[in-house]
Every structure is written in structure tokens, then in C-alpha cells.
Enquirer: 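This is the structure, below, for whatever I ask next.
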Amino acid sequence: MQEEVVAVIVGAGPAGLAAAACLGRRSVPYLVVEREGCSASLWRRRAYDRLKLHLAKEFCALPHAPFPDGTPTYVPKREFVAYLDAYAERFGVEPRYCTSVESAAYDEGAGRWVVAARDTAAGTEIRYKARFLVVATGENGVGSVPEIPGMESFPGEAIHSSTYRSGGRYAGQRVLVVGSGNSGMEIAYDLANHGADTSIVVRSPVHIMTKGLIRLGITLVQHVPVTIVDCLIVNMANFIFGDLSRHGIVRPKPGPLALKSKTGRSSVVDVGTVGLIKKGIIKVFGGITRIIGNKVEFEDGNESSFDAIVFATGYKTTVNLWLKDDKCMLNNDGFPEKDYPNHWKGENGLYCAGFARRGLAGISMDAKNIADDITEIFFSG
């Protein structure tokens, strides 16, 4: 079975929905394909229950659709999913679900992208020929778990944070959270609040901020140099949290906004975890050396036994598994070779949305830029 379309958008998460909405408003025909049976599967199926957007809603709305009146400043997971559903309905985005892309290659002779996909529900193969290909599968393709010597000997439960929902079933257990980003810190807080004996691995320097400080910083940096803004919010954070180095947490040398811009690494927005660390309710360890049975050995020579391990160690993209002929638009890790803000456009009608490591605001910018570019090319012949 073969189908000719103008643009194929791979992925029905926020990036794919935004790209589709922007193209639709420009009257450019498109098709969204999604391997899962629903849109925004990361938010529906792989996000823990207490999750809220860490940035204020004014920085998180998708193009042409602000959040409804009455939406909380920091949008809970359930309300964000409802917003995405309403967004798709409003702009008439109807993804073709259970469609897993197996390869996408550019046919120089025909001047078209040939996308080979499988309908996983029917078990049939489909080929799409498209003038434009938008990769919108996002940064969070599959969970990434580090290789740790002796991990196979651990007798307890070891999961990636994508399958974690709530700390309720871990009450009374000794649980180690590996990873000190936003997910790791919030999961540690959730576990401790549900009565788990909680520890967390903090290997790298990290900026701890409040939601208010991040909101202030993003607002000010539109008018004030980033170095000044970073200095201000770091000093305010130090006043709020005090010296955390005695608890095993140190700040990176670059400021939080400069670090985000340069590397994509986000600050940790504290939800109460720091207070529990200061009280000794959550224990902090350095990097793991090895695991022997239920005993974990750490780089500083400490060791402790655990019943469960949660790896909040991020995700990796899967684009390189199926995208061919991208002309080096993406690197070996599946992220754009070009720096922001020129990362979103490749060659031969190839684009990527949602890979700038700039959250939902970055997704909106990508979607608008892609739609503008495709519209100009499509209607100019």
C-alpha cells in the first residue's frame, strides 16, 4: 500500500501536534503518524502522577492557543493532557495511530521522502511518499539506563522513571533514586512522602531553583543580559536554600540560564526535596561504583542496601534507528548538529521539531519556523 502526501509528520506529541496545527492554518496538507495508540503518550503513559509543568504556563502554550482562563500557573499533568486533546480537536489534527515508522529515505530522482511504516494493529506495511518530512518524535524516545557493574545481581525491582507512577507501593522499602534532574528529585520527594526510606544519587553539579526564580529569570532575560540575570537568581537561590555542598549538592560554574542555553541542561525546580535532604529524611550519595546483590557501593567508599532502584537517568532519541539520508542534520545521539536557533531545518525538505532542548517554548518556535518555511516552498511551486 502506497500513499502520496505533501508532508509527513512523525510523532503526535506536543511537537507533532504543534507542527500540524501550524501547517493546517496555512492550508498545507499533512499527515501525522504515531507509533502509539494515542497522542502525547509520554505525558499519558510515562509520566508520574504528581508531575506538573516546571515552567509557568505563559512559557508553555503551543502556537495559537493560550491556556484557558483558570488554568493553574504550573499546569498539572492531567490538565496538560486535556489541553493537548483540546488543541488537536481545535485545529483538526487527527493522527494516524499505531503506525510505526521503520525507515525514511530520500529519493533523489523523485524528489520525495519515502517513508516505510507498519500498521501495528493490522500488521500491514504502508509506504508514504512526501515532499516534506517533519521529525517530531522528540528528545524522549526511550528510557536510558546506565550500565553498572553487577546490576544483573540486584534481586529487587529496578525500573526507569518512565514506568514510575507513585511512591505508594514503596512504603517501608529502601529505595535508591539514580539521577538528580527534575524527575529524580521529585520522585525522591514523592517516595519519602509515601514512607519509603529514600536515597538519591547526585553525581554532577546542579542548580537548585524555585519555580518563582525560574519564572523571574526567563522574564528578565528578555530585557537584561543573561550574566546579570544568572547572578541575581543564583544569589537569591543561595539565600533561600543556603550552602548545599555540605549535603552533597554543588552548583555548576555557569549560571542556570547560560547553562540551559549552552547545553540544554535544566535547573532543578525544588518541590520540597531540599528540605527533606537537609533534615536527613532523604540521603544523598555520589556516583555508584558497583552493585553486589542488594548492596550498592558508591564512589566515596560508602555502601548501603536497597530493595528497589529507580533510574531517573533521562531518555535517548530513536530517530537514528529509522532516518536515512539526513545529510548530517542530526548527530550520533539523534540531536541537531546545528546550534539553536538554526537547528530545525535540514536538506531536501527535512525538518525536526522539539529537539532544541528548550521545552515547550522551543517546540512552539520550531513549529512556527517549519510551517513558515514549508508554506513558502509549497506555494511557490
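Keep in mind that this is a model prediction, so the values were computed, not measured.
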Enquirer: Given salt bridge (Lys or Arg N to Asp or Glu O under 4.0 Å), test Glu3 with Arg96 step by step and report yes or no.
Expert: CA-CA 13 Å; Glu3 188 174 336; Arg96 191 167 291 180; 2.8 Å; yes
Enquirer: Can you tell if the side chain of Ile9 reaches within under 4.5 Å of the side chain of Leu31, non-hydrogen atoms only?
Expert: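 Side chain of Ile9 against side chain of Leu31, heavy atoms only: no contact under 4.5 Å found.
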Enquirer: For atom NZ of Lys52, is the number of surrounding heavy atoms from other residues, nucleotides or ligands below 6.0 Å larger than 12?
Expert: no
Enquirer: Should we count CE of Met151 as having more than 12 external heavy atoms under 6.0 Å?
Expert: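 Yes, CE of Met151 has more than 12 neighbouring heavy atoms, counting only those of other groups under 6.0 Å.
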Enquirer: Between CZ of Arg35 and SG of Cys98, what distance do you get to the nearest 0.5 Å?
Expert: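 If we round to the nearest 0.5 Å, Arg35:CZ and Cys98:SG are 12.0 Å apart.
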Enquirer: I would like to know whether Asn193 and Leu276 meet side chain to side chain contact (heavy atoms under 4.5 Å, CB included); could you show each step before the answer?
Expert: CA-CA 9 Å; Asn193 274 352; Leu276 297 185; 4.2 Å; yes
Enquirer: Within a radius of less than 6.0 Å around CD of Glu94, do more than 12 heavy atoms belonging to other residues, nucleotides or ligands occur?
Expert: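 Open: at most 12 neighbouring heavy atoms sit under 6.0 Å from CD of Glu94.
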Enquirer: Does Arg215 count as lying over the ring of Phe59, i.e. NZ or CZ under 6.0 Å from the six-ring centre, within 45 degrees of the axis?
Expert: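 Because its charged atom misses either the 6.0 Å distance or the 45° angle limit, Arg215 does not stack over Phe59.
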Enquirer: Check this for me: Lys278, atom NZ, are more than 12 non-hydrogen atoms of other residues, nucleotides or ligands nearer than 6.0 Å?
Expert: yes
Enquirer: Under 6.0 Å from the ring centre and within 45 degrees of the ring axis: does the NZ or CZ of Arg358 meet both conditions for the six-membered ring of Tyr340?
Expert: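 Yes, a cation-pi geometry.
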Enquirer: Check the side chains of Asn302 and Asp300 for a donor-acceptor pair under 3.5 angstrom, ignoring hydrogens and angles.
Expert: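 Note: Asp300 and Asn302 side chains meet the donor-acceptor criterion.
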Enquirer: Between atom CD1 of Ile309 and atom CD1 of Ile159, what is the distance when rounded to the nearest 0.5 Å?
Expert: 10.5 Å
Enquirer: Using a 3.5 Å distance criterion without hydrogens, assess whether the side chain of Tyr74 forms a donor-acceptor pair with backbone atoms of Lys211.
Expert: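 Checking the backbone N and O of Lys211 against the side chain of Tyr74, a donor-acceptor pair under 3.5 Å is found.
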Enquirer: For Ser199, does its backbone N or O pair with a side-chain atom of Arg174 as donor and acceptor, under 3.5 Å?
Expert: no
Enquirer: Test side chain to side chain contact (heavy atoms under 4.5 Å, CB included) on Val234 and His207; report intermediate values, then the result.
Expert: CA-CA 8 Å; Val234 164; His207 282 296; 4.1 Å; yes
Enquirer: Tell me yes or no: between the side chains of Thr73 and Lys57, is some donor less than 3.5 Å from an acceptor?
Expert: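 The criterion, which ignores hydrogens and geometry beyond distance, is not satisfied for Lys57 and Thr73.
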Enquirer: For Lys283, is the NZ atom crowded, meaning more than 12 foreign heavy atoms sit under 6.0 Å from it?
Expert: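 Check passes, neighbour count above 12.
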Enquirer: If only side-chain N and O atoms count, and only distance matters, is there a donor-acceptor pair under 3.5 Å linking Ser204 with Arg265?
Expert: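 No, no side-chain donor-acceptor contact under 3.5 Å.
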Enquirer: Using salt bridge (Lys or Arg N to Asp or Glu O under 4.0 Å), reason through Lys345 and Asp373 one step at a time and then give a plain yes or no.
Expert: CA-CA 9 Å; Lys345 183 177 180 180; Asp373 199 66; 3.1 Å; yes
Enquirer: Is it the case that the side chain of Asp366 and the backbone of Gly354 share a donor-acceptor pair, with hydrogens and angles ignored and the cut-off at 3.5 Å?
Expert: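 Yes, Asp366 side chain to Gly354 backbone: donor-acceptor pair under 3.5 Å.
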Enquirer: Heavy atoms only: give me the nearest Ser39-Tyr97 pair and the separation to one decimal.
Expert: N-CE2, 3.3 Å
Enquirer: Ignoring hydrogens and angles, tell me if any N or O in the side chain of Thr375 forms a donor-acceptor pair with the backbone of Ala371 under 3.5 Å.
Expert: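 Such a contact is found between Thr375 side chain and Ala371 backbone.
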Enquirer: What verdict does the side chain to side chain contact (heavy atoms under 4.5 Å, CB included) test give for Val274 and Leu244, after you've listed the backbone C-alpha separation in whole Å, the side-chain angles of each residue and the deciding distance to 0.1 Å?
Expert: CA-CA 9 Å; Val274 169; Leu244 296 178; 3.8 Å; yes
Enquirer: Over all heavy atoms of both residues, which pair between Ile200 and Ser180 is shortest? Give the atoms and the distance, please.
Expert: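 Nearest heavy atoms, Ile200 then Ser180: CD1-CA, 4.2 Å.
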Enquirer: I'd like to know whether Ser305 forms a side chain to side chain donor-acceptor pair (under 3.5 Å) with Lys295, so could you lay out the CA-CA distance, the side-chain angles of the two residues, the decisive distance to 0.1 Å, and finally the verdict.
Expert: CA-CA 4 Å; Ser305 296; Lys295 185 174 68 176; over 6 Å; no
Enquirer: Go through the side-chain N and O atoms of Tyr106 and Asp326 and say whether any donor and acceptor fall under 3.5 Å apart.
Expert: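 The answer is no; no qualifying pair exists.
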Enquirer: Hey, is Arg131 close enough to Glu4 for a salt bridge, meaning N to O under 4.0 Å?
Expert: no
Enquirer: Taking C-beta and beyond as the side chain, do Ile374 and Val134 meet within less than 4.5 Å on heavy atoms?
Expert: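 Side-chain contact under 4.5 Å: yes.
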Enquirer: Please assess Glu186 against Arg50 for the test salt bridge (Lys or Arg N to Asp or Glu O under 4.0 Å), listing each intermediate value before the final yes or no.
Expert: CA-CA 9 Å; Glu186 189 159 0; Arg50 60 168 288 117; 2.8 Å; yes
Enquirer: Roughly how far apart are Ile214 CD1 and Ser267 OG, rounded to 0.5 Å?
Expert: 4.0 Å
Enquirer: Does the salt bridge (Lys or Arg N to Asp or Glu O under 4.0 Å) test come out yes or no for Arg44 and Asp85, once each step is laid out?
Expert: CA-CA 11 Å; Arg44 293 182 203 273; Asp85 287 341; 2.3 Å; yes
Enquirer: Please say which of Asp197, Val175, Leu176 ends up in a side chain to side chain contact (heavy atoms under 4.5 Å, CB included) with Phe306.
Expert: Leu176
Enquirer: Heavy atoms, side chains only, cut-off 4.5 Å: are Pro336 and Trp344 in contact?
Expert: no
Enquirer: Would a hydrophobic clustering, with Ile, Leu, Val, Met, Phe, Trp and Tyr connected at side-chain separations under 4.5 Å, put Val81 with Leu55?
Expert: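 Linked, Val81 and Leu55 end up in one cluster.
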Enquirer: Once rounded to the nearest 0.5 Å, what's the spacing between atom CZ of Arg290 and atom CD of Glu303?
Expert: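 Nearest 0.5 Å value for the CZ-CD distance: 9.0 Å.
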Enquirer: Would you call the rings of Tyr48 and Tyr164 parallel, tilted or perpendicular, taking 30° and 60° as the class edges?
Expert: perpendicular
Enquirer: Find out if a path of hydrophobic residues (ILVMFWY) with successive side-chain heavy-atom gaps under 4.5 Å connects Val10 to Leu330.
Expert: yes
Enquirer: Just wondering, are more than 12 heavy atoms of other shown residues or ligands nearer than 6.0 Å to CG in Asn332?
Expert: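 At most 12 heavy atoms, drawn from other residues, nucleotides or ligands, come within 6.0 Å of this atom.
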Enquirer: Compare every heavy atom of Cys60 with every heavy atom of Leu53, then report the nearest pair and how far apart it is.
Expert: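 So the minimum-distance heavy-atom pair works out to CD1-CB, 3.7 Å.
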Enquirer: Report the relative orientation of the aromatic rings in Phe285 and Phe298; use parallel for angles under 30°, tilted for 30 to 60°, perpendicular for over 60°.
Expert: parallel
Enquirer: Which heavy atom in Pro63 sits nearest to a heavy atom in Lys368, and how many Å separate them?
Expert: CB-CE, 3.8 Å
Enquirer: In terms of hydrophobic clustering (I, L, V, M, F, W, Y; side-chain heavy atoms under 4.5 Å; direct or indirect links), are Ile370 and Leu360 co-clustered?
Expert: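 Same cluster.
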Enquirer: State the CG-CG distance between Asp190 and Asp49, to the nearest 0.5 angstrom.
Expert: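 Here the rounded value is 8.0 Å.
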Enquirer: Does Asn348 offer a backbone N or O that forms a donor-acceptor pair with the side chain of Trp113 under 3.5 Å?
Expert: yes
Enquirer: Compute the ring centroids of Tyr315 and His160, then answer whether they are less than 6.0 Å apart.
Expert: yes
Enquirer: Glu102 pairs by salt bridge (charged side-chain N to carboxylate O under 4.0 Å, His left out) with which of Arg118, Lys324, Arg127?
Expert: Arg118
Enquirer: What are the two closest heavy atoms between Ile292 and Glu297, and how far apart are they?
Expert: CD1-OE2, 3.6 Å
Enquirer: Would Val135 and Tyr351 count as a side chain to side chain contact (heavy atoms under 4.5 Å, CB included) here? Give the steps.
Expert: CA-CA 6 Å; Val135 179; Tyr351 304 87; over 6 Å; no
Enquirer: If I take atom CG from residue Leu257 and atom NZ from residue Lys260, how far apart are they, to the nearest 0.5 angstrom?
Expert: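 That separation rounds to 10.5 Å.
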Enquirer: Does any non-hydrogen side-chain atom of Trp43 lie less than 4.5 Å from one of Pro14?
Expert: yes
Enquirer: Find out whether Phe355 and Thr317 are in side-chain contact, i.e. whether some heavy atom of one side chain is under 4.5 Å from a heavy atom of the other.
Expert: yes
Enquirer: Taking atom CD of Gln2 as the centre, does the number of heavy atoms from other residues, nucleotides or ligands within less than 6.0 Å exceed 12?
Expert: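 Above 12, so yes.
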Enquirer: Identify the heavy atoms of Pro68 and Tyr83 that sit nearest to each other, and give their distance.
Expert: CD-CD1, 4.3 Å
